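This report refers to the structure that appears directly beneath it.
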2 protein chains.
Amino acid sequence: MIQLHDKVYTCPVDVTLGFIGGKWKLLILSHLHQFERKNYSQIKSNLPGVSEKMLSQQLKELERDKLIEKEVLSLKPYRVEYMLSAYGKALSPVYEVMSSWGISYLKHNGIDYMKDQELYK
Amino acid sequence: MIQLHDKVYTCPVDVTLGFIGGKWKLLILSHLHQFERKNYSQIKSNLPGVSEKMLSQQLKELERDKLIEKEVLSLKPYRVEYMLSAYGKALSPVYEVMSSWGISYLKHNGIDYMKDQELYK
DNA sequence: AATATACCTTACCAAAAAGTAGGCTGGAGA
DNA sequence: TCTCCAGCCTACTTTTTGGTAAGGTATATT
């Protein structure tokens, strides 16, 4: 049992899960892993189905927890770019293994993601 | 967009998340990764806070999805052991990276999990 | 005979997470 | 001037998830 920030965790994996759990965070992180840096709208269109509420909420939490960084490109027209921080990059194997596991699962189910992915856009 | 089993996924990571998402599944998997094979009660005591409902539900789903395997040791007194399947083992880097990420996060917050872990039992 | 332990299941309820819908600023382009 | 897009935020509602409590079988232990 680990106590931290008024919460109790059963093990280190549980601690990590506290930061990247939920429906959207790992998706955001792995997209930033794939594409390096992206602005708000680009992330939004990469994650079909995300609502703006969810996206800005999750981005804010990821930023607060130092998994991603936001660079403000301009203020007058407010423009930003998001990218993985060193902490976020340390989880790269997670994004990669989960991605290839998913791809091979799809392959076993007759879906060749690598070949078909342009069809899904 | 990927369509599979009446659901829509945004990418392969999302597909994988469909199998290991939620509060308990990754914890169960990483415990089985650490300890090789365990019976129901051992898993239960390794996951403080899990209810029997959640545990048997999640074990059942993980088994259905072929991430773990159950060996029935005896029927008359019903005794079983759970272990990772090949599919479950393919995610090992996920368990390991998430665990070491958690440990280093704790270290940065003044908790030396490796040193202190016997204290928490 | 009573209790304890392993291994579950089910019905019901509460909390957390996520979705909907709207609104707001400040350019840029027609 | 009107509309569009980037980049958000907030109130409200719904869905999903997880928790509680109880029940149930079979065997071993005291």
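Keep in mind that what you see is a predicted model, and the values were worked out from it rather than measured. Below, read A as the first sequence line, B as the second, and so on, with proteins coming before strands; counting in each chain starts at 1.
Tyr95(A) meets the ring-ring contact (aromatic ring centres under 6.0 Å, His included) test with His33(A); sequence neighbours excluded. For Lys89(B), the side-chain contact (heavy atoms from CB on, under 4.5 Å) test picks out Leu84(B), Ser92(B), with sequence neighbours left out. Evaluation of the salt bridge (charged side-chain N to carboxylate O under 4.0 Å, His left out) rule for Lys44(B) yields Glu52(B) as partners, not counting sequence neighbours. Listed by chain and residue number, Val97(B) satisfy the side-chain contact (heavy atoms from CB on, under 4.5 Å) test with Pro93(A) (two or more places apart in sequence, or in another chain). Annotation: side-chain contact (heavy atoms from CB on, under 4.5 Å) contacts of Pro77(B) (sequence neighbours excluded): Ser74(B), Arg79(B). Residues that satisfy the side-chain contact (heavy atoms from CB on, under 4.5 Å) test with Ser51(B), not counting sequence neighbours, are Lys53(B), Met54(B).
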Tabulate below the donor-acceptor pairs under 3.5 Å that side-chain atoms of residues 57-72 of chain B make, not counting sequence neighbours, or state none.
residue: Glu61(B); atom: OE1; partner: Lys25(B); partner atom: NZ; Å: 2.6
residue: Lys70(B); atom: NZ; partner: Tyr78(B); partner atom: OH; Å: 3.4
residue: Glu71(B); atom: OE1; partner: Arg37(B); partner atom: NH2; Å: 2.9

Donor-acceptor pairs under 3.5 Å, side chain of residues 15-22 of chain A to any protein atom, not counting sequence neighbours: which ones?
residue: Thr16(A); atom: OG1; partner: Pro12(A); partner atom: O; Å: 3.2
residue: Thr16(A); atom: OG1; partner: Met98(B); partner atom: O; Å: 2.6
residue: Thr16(A); atom: OG1; partner: Gly102(B); partner atom: N; Å: 3.2

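Spacing between atom NZ of Lys44(A) and atom C1' of dC4(D) amounts to 13 Å, rounded to whole angstrom units. At whole-Å resolution of the value, CG in Leu55(B) and P in dG18(D) are 13 Å apart. We find that CG of Leu62(B) is positioned 16 Å from C1' of dC8(C), with the value rounded to whole Å. Regarding Tyr40(B), its OH atom lies at a distance of 17 Å from the C1' atom of dT27(D), rounded to whole Å. Rounded to an integer number of Å, the gap from Leu26(B) CG to dG18(D) P is 12 Å. Rounded to whole Å, atom C1' of dT17(D) lies 15 Å from atom CG of Leu17(B). For the pair Gln42(B) CD and dC8(C) P, the interatomic distance rounds to 13 Å; values are reported in whole Å.
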Strictly under 3.5 Å: I want the nitrogen or oxygen pairs between protein and nucleotides 23-26 of chain C, one per line.
residue: dG26(C); atom: O3'; partner: Lys76(A); partner atom: O; Å: 3.1

Show the distances under 3.5 angstrom between N or O atoms of the protein and N or O atoms of nucleotides 15-19 of chain C.
residue: dA18(C); atom: OP1; partner: Lys23(A); partner atom: N; Å: 2.5
residue: dA18(C); atom: N7; partner: Lys53(A); partner atom: NZ; Å: 3.2
residue: dG19(C); atom: OP1; partner: Lys23(A); partner atom: NZ; Å: 2.6
residue: dG19(C); atom: OP2; partner: Trp24(A); partner atom: NE1; Å: 3.2
residue: dG19(C); atom: N7; partner: Lys53(A); partner atom: NZ; Å: 3.0
residue: dG19(C); atom: O6; partner: Lys53(A); partner atom: NZ; Å: 2.4

Q.
Does Val50(A) form a side-chain contact (heavy atoms from CB on, under 4.5 Å) with Ile43(A)? I'd like the steps, not just the answer.
A. CA-CA 9 Å; Val50(A) 123; Ile43(A) 299 173; over 6 Å; no
**Q.** side-chain contact (heavy atoms from CB on, under 4.5 Å) between Cys11(B) and His31(A), intermediate numbers included
**A.** CA-CA 9 Å; Cys11(B) 67; His31(A) 275 287; 4.2 Å; yes
Q. Going through the checks in order, is the side-chain contact (heavy atoms from CB on, under 4.5 Å) test met by Asn46(B) and Thr10(A)?
A. CA-CA 8 Å; Asn46(B) 271 330; Thr10(A) 68; over 6 Å; no
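Using a 4.0 Å heavy-atom distance criterion, Lys60(B) is classed as a sugar-phosphate-only contact.
Distances shorter than 4.0 Å separate none of the side-chain N or O atoms of Ser56(A) from OP1 or OP2 on dG7(D).
Listed by residue number, the members of residues 63-74 of chain A with any heavy atom below 4.0 angstrom from DNA chain D are Lys70(A).
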